[in-house]
Amino acid sequence: MDLTWSDDEERFRHEIRSWLEANVPAEPLPSGDTEEGFRRHQEWEKVLFDARLSVVSWPEQYGGRGATLWQWLIFEEEYCRAGAPQRVSQNGIFLLAPILFEFGTDWQKERYLLPMAEGVEQWGQGWSEPNAGSDLAGIKSKADKVDGGWRVNGQKTWTTRGAFCTHLFGLFRTDPEQERHRGLSYLMVPLDAEGVTVRGVGRLDGDEGFAEVFFEDVFVPDEDVLGEVNNGWGVAMATTSSERGLTLRSPGRFIAATERLRTLAADQPGELDDRVADDVVQAWMDAQAYQLYTLQTVTKMLDGGSIGAESSLNKIFWSDMDVRIHETALDILGPLAELDEGGWMKGFQFSLSGPIYAGTNEIQRNVVAERVLGLPRR
Amino acid sequence: MRFAMTEDQQLFTAAVRELLADQCPPDRVRAAWDAPADRSLWEQLAQMGVIGMLAPEVAGGMGMGALDLHPLLIEAGRVAMTEPIVDTAAVAVPLLAVAGHDAGARVASGEQTVALGFHTDPVVRTDTDLLLLETAEGAWHLLTSDSVETTVEESVDGARRLGRATWTPSADSLIGTALSTDARSRAIVGVAAQLLGLARHLLDETVAYVAVREQFGKPVGSQQAIKHKLADVLLAIEFASPMVARAAYSIDQVDADVAVHAAMAKACAGDAAKLAVRHALQCHGAIAYTVEYDLHMWMKRVWALDAQWGDARHHRRTIRTHLNL
Ligand SMILES: Cc1cc2nc3c(=O)[nH]c(=O)nc-3n(C[C@H](O)[C@H](O)[C@H](O)COP(=O)(O)OP(=O)(O)OC[C@H]3O[C@@H](n4cnc5c(N)ncnc54)[C@H](O)[C@@H]3O)c2cc1C
């Protein structure tokens with residue numbers, strides 16, 4: 001056990017911190033889940049890219065710095081601490097890129113990674129469908145084999161920032177004879193392709209952060225199949241643990257959020273209600289626990305271990321914690337909460353989606369009970 | 001940066017776990033409700049080096065730290081071991097070493113056991129050879145148990161022999177004054193580790209039970225209401241565990257925030273263990289609501305230890321102060 005950072009890591013932290021201090025916009029950008037805000041965030045992604053900070057953990061040839069997992073954690077901690085803009089590129093860089101690195105052809109890596117790092121190409125995740133939510137294997141959108149590629153028909157839904165993205169990655173049924181998890185393939189589709197219609201949908205928090213994507217005889221060339229044909233499920237599952245596990249919600253985010261919560265509580269005039277104070281303390285402790293748990297997970301990964309079903313524990317923890325952090329802030333704000341003082345009400349509404357996306361927490365609890373604890377499936 | 005126990009630490013823990021599984025079965029815990037436990041287990045642990053682990057090598061110990069000891073305390077909790085391992089091995093041994101007291105060697109070798117009494121404690125254990133007691137001013141005194149008058153009190157956990165101590169500090173019994181902060185951190189991290197072990201056992205037993213208990217023609221453990229409760233218990237344990245390890249590490253590093261880390265460890269471990277009790281009982285049904293079934297001894301130990309040296313609410317107040325709230 002050694003809970004100290006090396007000199008190199010401290011230097012790295014210092015560099016990141018100084019850069020952020022000099023470059024983070026003083027005025028917060030408009031929400032990245034609106035058209036105008038998305039554009040502004042895309043510009044920010046380019047600024048990050050130019051400083052080689054948009055994808056620190058990627059190899060240099062794709063715009064990264066080959067940062068270690070520890071450096072990545074430090075980067076995230078500093079990034080959140082500085083209150084830097086939301087990462088609108090996250091679905092590409094955190095969810096698609098790991099698959100590209102693991103399963104992609106050389107051509108696919110050359111073609112897609114750099115524009116993703118630069119933020120000029122933005123990716124939406126096309127997994128969910130109207131009848132395939134938790135039961136993802138119920139996917140009906142299909143791709144029929146044609147000369148040189150696939151003809152895609154069907155519909156995806158709840159695609160985050162789909163209305164502003166340039167591309168979509170997702171699962172499509174390529175073998176109509178096979179059922180459920182079998183016969184699916186992972187395709188990458190440009191959203192300006194002929195036959196694609198995107199309709200933005202307003203989210204609970206008011207932003208147009210969702211989209212429905214319709215496919216009508218859309219041609220996708222063979223070179224845009226990611227991984228083996230009909231092995232899309234295996235490809236998809238290889239990355240769900242990173243989505244739920246590490247990359248999607250780094251501890252820095254909650255360390256920063258609970259620090260903001262602490263400040264909000266401390267700045268209240270008069271004595272803080274004991275129960276509210278207790279909730280603030282609990283939220284702060286939870287963020288600490290999450291950070292330590294992450295250090296443990298990263299150590300395990302660096303030792304060659306993998307995070308499997310345990311990533312479900314992680315996902316339940318951070319998403320429930322995020323809701324509690326925001327609920328506590330609303331308690332403190334009282335009647336001002338309604339006015340979205342400090343953005344807490346909007347943040348609260350977004351936090352409520354955490355237990356739903358990336359696999360609902362009910363599904364995660366099933367996974368924990370069955371695959372970690374070994375309880376009988378039926 | 002590295003957050004993991006070493007291979008040596010893991011091997012030693014496994015050896016202690018094996019010994020405890022063999023030598024501290026539920027029947028031994030049950031027997032402790034009727035009569036104080038014999039010294040056999042204590043002697044074996046001493047022989048393995050567990051009791052004196054934190055004593056310097058020159059004093060017959062292993063010169064190890066709280067981080068090394070804490071997984072063993074988790075194991076002691078897992079089997080609901082009754083003997084005063086936290087009071088003695090986790091607190092008294094390092095305190096007596098710091099104080100340079102000659103009782104240190106006898107305690108580290110397993111010859112004498114020690115119970116701890118902070119000045120805020122209403123009761124102390126009465127089943128040890130020595131008492132290490134704190135005055136309201138924070139001075140620490142070592143007394144033999146038979147020199148201290150105690151009126152017997154009954155714990156909800158019948159294996160814990162407790163009493164109210166009446167004693168008078170003297171120059172002879174004084175061992176030191178600046179020991180309280182360290183003692184408190186060591187004590188609460190030690191109990192936090194025990195609570196984790198107790199919680200693990202409650203979870204393991206319940207998982208095993210619900211997998212075989214059938215109702216409506218299938219295992220009750222196949223029901224989602226049961227699954228989700230047990231998933232929540234695991235969640236609480238898994239996220240409390242690194243808190244306890246970090247607090248133990250902070251003790252060894254003499255971290256400036258050790259008291260905060262210890263408070264967090266105790267709060268999280270206590271909450272996890274209480275949740276484990278609630279769900280273990282509920283998922284077992286009436287069978288766990290009987291004193292004939294072993295589980296009650298673990299549940300009662302949790303209730304006792306959760307409140308000992310500050311419950312979760314108490315420790316959250318410590319953190320509240322730290323956060324300037
Ligand atoms: C903010 C947000 C962003 C999203 N972004 C994307 C995106 O970019 N791309 C994408 O593909 N999807 C996205 N999603 C969709 C998300 O993946 C799904 O909402 C999620 O998988 C749940 O599916 P569902 O909404 O259809 O709910 P359903 O599956 O219909 O579930 C409804 C309720 O039933 C419960 N339930 C279902 N099955 C079980 C079961 N077996 N046991 C116990 N309870 C069960 C669920 O937990 C839930 O509470 C997003 C969702 C949100 C809220």
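Reminder, nothing fancy here: chain letters follow the sequence lines and each chain counts from 1.
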J.: When heavy-atom pairs shorter than 4.5 Å are enumerated against chain B, which of N361(A), V280(A), V281(A) gives the highest number?
T.: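 Most heavy-atom pairs within the cutoff with chain B belong to V281(A).
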
J.: Measure distances from D271(B) to the heavy atoms of chain A and classify the residue's part below 4.5 Å as side chain, backbone, both or neither.
T.: side chain

J.: Which heavy atom in L313(A) sits nearest to a heavy atom in F239(B), and how many Å separate them?
T.: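 Looks like O-CE1, 3.9 Å.
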
J.: Which heavy atom of R365(A) sits nearest to which heavy atom of A231(B), and what is that distance?
T.: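 Heavy-atom minimum between the residues: O-CB, 3.8 Å.
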
J.: Kindly compute the distance separating CG (L325(B)) from OG1 (T263(A)), expressed to the nearest 0.5 Å.
T.: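 Rounded to the nearest 0.5 Å, the CG-OG1 separation comes to 9.0 Å.
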
J.: Kindly give the heavy-atom pair with the smallest separation between F3(B) and T299(A), and that separation in Å.
T.: N-OG1, 2.9 Å

J.: At a heavy-atom separation under 4.5 Å, does A245(B) approach chain A through its side chain, its backbone, both, or neither?
T.: both

J.: Heavy atoms, side chains only, cut-off 4.5 Å: are M1(B) and L295(A) in contact?
T.: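 SC-SC contact between M1(B) and L295(A) confirmed.
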
J.: About how many Å separate CG of L235(B) and CD of E310(A), when rounded to the nearest 0.5 Å?
T.: 12.5 Å

J.: Quick one: CG on D232(B) to CD1 on I316(A), what's the gap to the nearest 0.5 Å?
T.: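 It comes to 7.0 Å.
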
J.: Checking R2(B) against D303(A) for the side-chain contact (heavy atoms from CB on, under 4.5 Å) test, could you report, in this order, the C-alpha distance in whole Å, the side-chain angles of both residues, the deciding distance, and whether it holds?
T.: CA-CA 10 Å; R2(B) 180 171 176 80; D303(A) 283 352; 2.9 Å; yes

J.: Flag the one option from Q291(A), E9(A), R262(A) with the top tally of heavy-atom pairs under 4.5 Å to chain B.
T.: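 Heavy-atom pairs under 4.5 Å are most numerous for R262(A).
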
J.: May I ask you to check whether over 12 heavy atoms, not counting those of N131(A), lie within 6.0 Å of atom CG?
T.: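 Count not over threshold, so no.
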
J.: Taking atom CD of E18(B) as the centre, does the number of heavy atoms from other residues, nucleotides or ligands within less than 6.0 Å exceed 12?
T.: no

J.: Between chain B and each of L373(A), V372(A), D274(A), V368(A), count heavy-atom pairs under 4.5 Å; write down the option with the most.
T.: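 Most heavy-atom pairs within the cutoff with chain B belong to L373(A).
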
J.: Let's go through R246(B) and Q288(A) carefully: what are the C-alpha distance in whole Å and the side-chain angles of both, what is the deciding distance for side-chain contact (heavy atoms from CB on, under 4.5 Å) to 0.1 Å, and is it a yes or a no?
T.: CA-CA 11 Å; R246(B) 196 265 297 262; Q288(A) 300 286 314; 3.8 Å; yes

J.: Within a 6.0 Å radius of atom CZ on R180(A), are there more than 12 heavy atoms belonging to other residues, nucleotides or ligands?
T.: yes

J.: Test W284(A) against R316(B) for side-chain contact (heavy atoms from CB on, under 4.5 Å), laying out the working first.
T.: CA-CA 10 Å; W284(A) 189 82; R316(B) 283 196 298 264; over 6 Å; no

J.: For the CD atom of E362(A) and the CD atom of Q224(B), what is their distance to the nearest 0.5 Å?
T.: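 Reported value, rounded in 0.5 Å steps: 8.0 Å.
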
J.: For R378(A) and P219(B), which heavy atoms make the closest approach, and how far apart are they?
T.: O-CD, 4.3 Å

J.: Are more than 12 heavy atoms, taken from residues, nucleotides or ligands other than Q282(B), located less than 6.0 Å from that residue's CD atom?
T.: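 Not buried by this count: 12 neighbours or fewer within 6.0 Å.
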
J.: Given 3.5 Å as the limit, does a donor-acceptor pair link the side chain of K218(B) with the main chain of P376(A), or not?
T.: no

J.: Can you tell me which portion of E238(B) sits under 4.5 Å from chain A's heavy atoms? Options are side chain, backbone, both or neither.
T.: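 Both backbone and side chain of E238(B) come within 4.5 Å of chain A.
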
J.: Tell me, out of D278(A), T4(A), L302(A), who's got the most heavy-atom pairs with chain B below 4.5 Å.
T.: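 Option with the top pair count is D278(A).
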
J.: Closer than 3.5 angstrom, by distance alone: can the side chain of Y249(B) be matched with the main-chain N or O of L3(A) as a donor-acceptor pair?
T.: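 Confirmed, Y249(B) side chain pairs with L3(A) backbone.
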
J.: Heavy-atom count around R278(B) CZ within 6.0 Å, excluding the residue itself: above 12?
T.: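 At most 12 heavy atoms, drawn from other residues, nucleotides or ligands, come within 6.0 Å of this atom.
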
J.: Tell me, out of L230(B), N324(B), L234(B), who's got the most heavy-atom pairs with chain A below 4.5 Å.
T.: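 Greatest number of close heavy-atom pairs with chain A: L234(B).
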
J.: Given the rule in the side-chain contact (heavy atoms from CB on, under 4.5 Å) test, do C268(B) and M285(A) qualify, once you have shown the distances and angles that lead to the verdict?
T.: CA-CA 8 Å; C268(B) 292; M285(A) 281 171 45; 3.6 Å; yes

J.: Among the options A263(B), A4(B), A240(B), A211(B), pick out the one with the most heavy-atom pairs lying under 4.5 Å from chain A.
T.: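 Max contact count across the listed options: A4(B).
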
J.: Go through the atoms of E370(A) and report whether side chain, backbone, both or neither lie under 4.5 Å from a heavy atom of chain B.
T.: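 For E370(A), the contact with chain B is made by the side chain alone.
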
